[in-house]
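Here is how names work: the chains are called A, B, and so on, in the same order as the sequence lines, proteins then strands, and each is numbered from 1.
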Number of protein chains: 2
Amino acid sequence: MGGAITRDQIIEQADRLFYERGFEHASFTDIAAAVGISRGNFYYHFKTKDEILDAVIDRRRVKVQAMLDGWEAEGRTPVERVRRFVHILIANQTAILRHGCPIGTLSTELIKLNHTAQDRAAGLFTLFRDWLARQFHAMGWGADADALAMWVLAHSQGVATLANAFRDDAFLQREVADLCAWLERLSVTSPSTTPATVGAAADVRREFEVFRQPVTRA
Amino acid sequence: MGGAITRDQIIEQADRLFYERGFEHASFTDIAAAVGISRGNFYYHFKTKDEILDAVIDRRRVKVQAMLDGWEAEGRTPVERVRRFVHILIANQTAILRHGCPIGTLSTELIKLNHTAQDRAAGLFTLFRDWLARQFHAMGWGADADALAMWVLAHSQGVATLANAFRDDAFLQREVADLCAWLERLSVTSPSTTPATVGAAADVRREFEVFRQPVTRA
DNA sequence: ATGAGATTAGGACAATCGTCCGAGAGGCGT
DNA sequence: ACGCCTCTCGGACGATTGTCCTAATCTCAT
């Protein structure tokens, strides 16, 4: 009966250690010590380390989906919801400065290892991508919703990576503020500029206007 | 006399393998096989694996600096130079889709390993950051030059990461085109909008206008 | 209390890691 | 031909890795 609890704890600690130290560098010994069990006990719950990784990715999927659903419920407007997304950079500021983006770093590592789970890790990105695309679609950006989603996702990812590399919290906060300002401006110009049906014509040029403003560091 | 040649080959292959498989995952056996020497021969040229890493980072510093100097010499305008920077994403498209950004992935990994060389890896980012800041400074963005440099750097980094995760070459090309369009627009609005001496006042709002256009996939 | 099944501890296993040693091949001035 | 220095090879070393087995412990219905 306590087996399921132990299993959950293994997944939880593995999730944390995979994030902090990386999948390959986090050993069974580390996880066992964190959970408080013996190394040999793993085999009862998981046959291989890859199975733990699968469970960790599943866990992250659930948590991400719950987070997205929460934003969907709370946020009254699409802009407000996307702003919630951007603000995870600030909400998880400490962790991101220390260990980077949990999804990006895992995805990058698994690709280097040529691991079979690399697609499943990239699937975590897809959750955000599709959710963001839905928000932009609701804002009136028909065929460009996915492109906008990828743009925001990519920029957030890069901000996390550089904030991590430079341990620069001021940079992270400034970029979030700029991103939110860009979002504000986008929500104003979007419905008037382009109907939702555009996007097929390749020669159509559209303009996104972007506010950038220096953040007052409080 | 052939010793220096072997040493260079070790650094070259280590550089490649650290990029393709990651620092920790690339073993002495792998590098030895790639160079065509025995594993025991390493100790003559490098005392530890970390020494090889140092040499690899030094090598990358030199190559990056040479690349930046080349752009500085060829590019006639600052905008043209920054465009050269953005276009490395396309020039190295195949490698980036497979293995991500060489600097970003190394920096991320070394942070996870809590490796002593993590700052030296981040120093590679600084080369680009300072170079970009000088270009933006020359364009007239006085105190905001560094912020703009970080913005471009972060976005490129995020694009590389996502293009790698999704193996999406179309996305990479589209983002590069958008980035270049944004740059074009920036070079037009910059000198007129803000004098180079601004930046101290926190309540000054400035606008960056950004062209976004769907890329015609050739 | 007892047996059955679930859960755990501890250690053995082969493989691989970075490291390091000792023998010897190679070139070159003498 | 000799000896010296540079360079390389092959293997051994201890440590650590993921994996796996077996015995012991725990839980609980009967």
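- A salt bridge links A/Glu184 to A/Arg83: at least one charged side-chain nitrogen sits closer than 4.0 Å to a carboxylate oxygen.
- Residues that satisfy the salt bridge (Lys or Arg N to Asp or Glu O under 4.0 Å) test with B/Glu80, not counting sequence neighbours, are B/Arg76.
- Under the ring pair (Phe, Tyr, Trp, His ring centres under 6.0 Å) criterion, A/Phe23 pairs with A/Phe18, A/His115, sequence neighbours left out.
- When the side-chain contact (heavy atoms from CB on, under 4.5 Å) test is applied to B/Glu51, the partners found at least two apart in sequence or on another chain are B/Phe46, B/Lys47, B/Thr48.
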Apply side chain to side chain contact (heavy atoms under 4.5 Å, CB included) to residues B/Leu183 and B/Ser187 and explain how you reach the verdict. CA-CA 6 Å; B/Leu183 213 83; B/Ser187 69; over 6 Å; no
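- Residue A/Leu53 contributes atom CG, which lies 17 Å from atom C1' of D/dT17 at whole-angstrom precision.
- With sequence neighbours left out, the salt bridge (Lys or Arg N to Asp or Glu O under 4.0 Å) criterion links B/Arg7 to no other residue.
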Please list, for nucleotides 26-29 of chain C, all pairs of protein and nucleotide N/O atoms separated by less than 3.5 Å.
none

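- Taking a 4.0 Å limit (strictly below) on heavy-atom distances, residues 24-35 of chain A reaches DNA chain D at A/Ala26, A/Ser27, A/Phe28, A/Thr29.
- The salt bridge (Lys or Arg N to Asp or Glu O under 4.0 Å) test applied to A/Asp69 returns no partner, not counting sequence neighbours.
- Residues in residues 79-104 of chain A take part in these ring pair (Phe, Tyr, Trp, His ring centres under 6.0 Å) pairs, two or more places apart or across chains: A/Tyr19-A/His99, A/Phe85-A/Phe128.
- Under the ring pair (Phe, Tyr, Trp, His ring centres under 6.0 Å) test applied with B/Trp151, the options B/Phe136, B/Trp141, B/Trp182 reduce to a single match, B/Trp182.
- For the contact set between residues 7-16 of chain A and DNA chain C, defined by any heavy atom under 4.0 Å, there are no members.
- Residues from residues 36-52 of chain A with heavy atoms under 4.0 angstrom of DNA chain D, sorted by number: A/Arg39, A/Gly40, A/Tyr43, A/Lys47, A/Thr48, A/Lys49.
- An OP1 or OP2 oxygen of C/dT8 is reached within less than 4.0 angstrom by a side-chain nitrogen or oxygen of A/Thr6.
- Distance alone, capped at 3.5 Å, is enough to place a donor-acceptor pair between the B/Arg60 side chain and the B/Pro102 backbone.
- The salt bridge (charged side-chain N to carboxylate O under 4.0 Å, His left out) pairs that include a residue from residues 103-120 of chain A are A/Asp54-A/Arg120, A/Asp58-A/Arg120, where partners are two or more places apart or lie in different chains.
- Around CZ of B/Arg167, the count of heavy atoms belonging to other residues, nucleotides or ligands within 6.0 Å exceeds 12.
- With sequence neighbours excluded, no residue forms a side-chain hydrogen bond (donor to acceptor under 3.5 Å, both in side chains) with A/Trp71.
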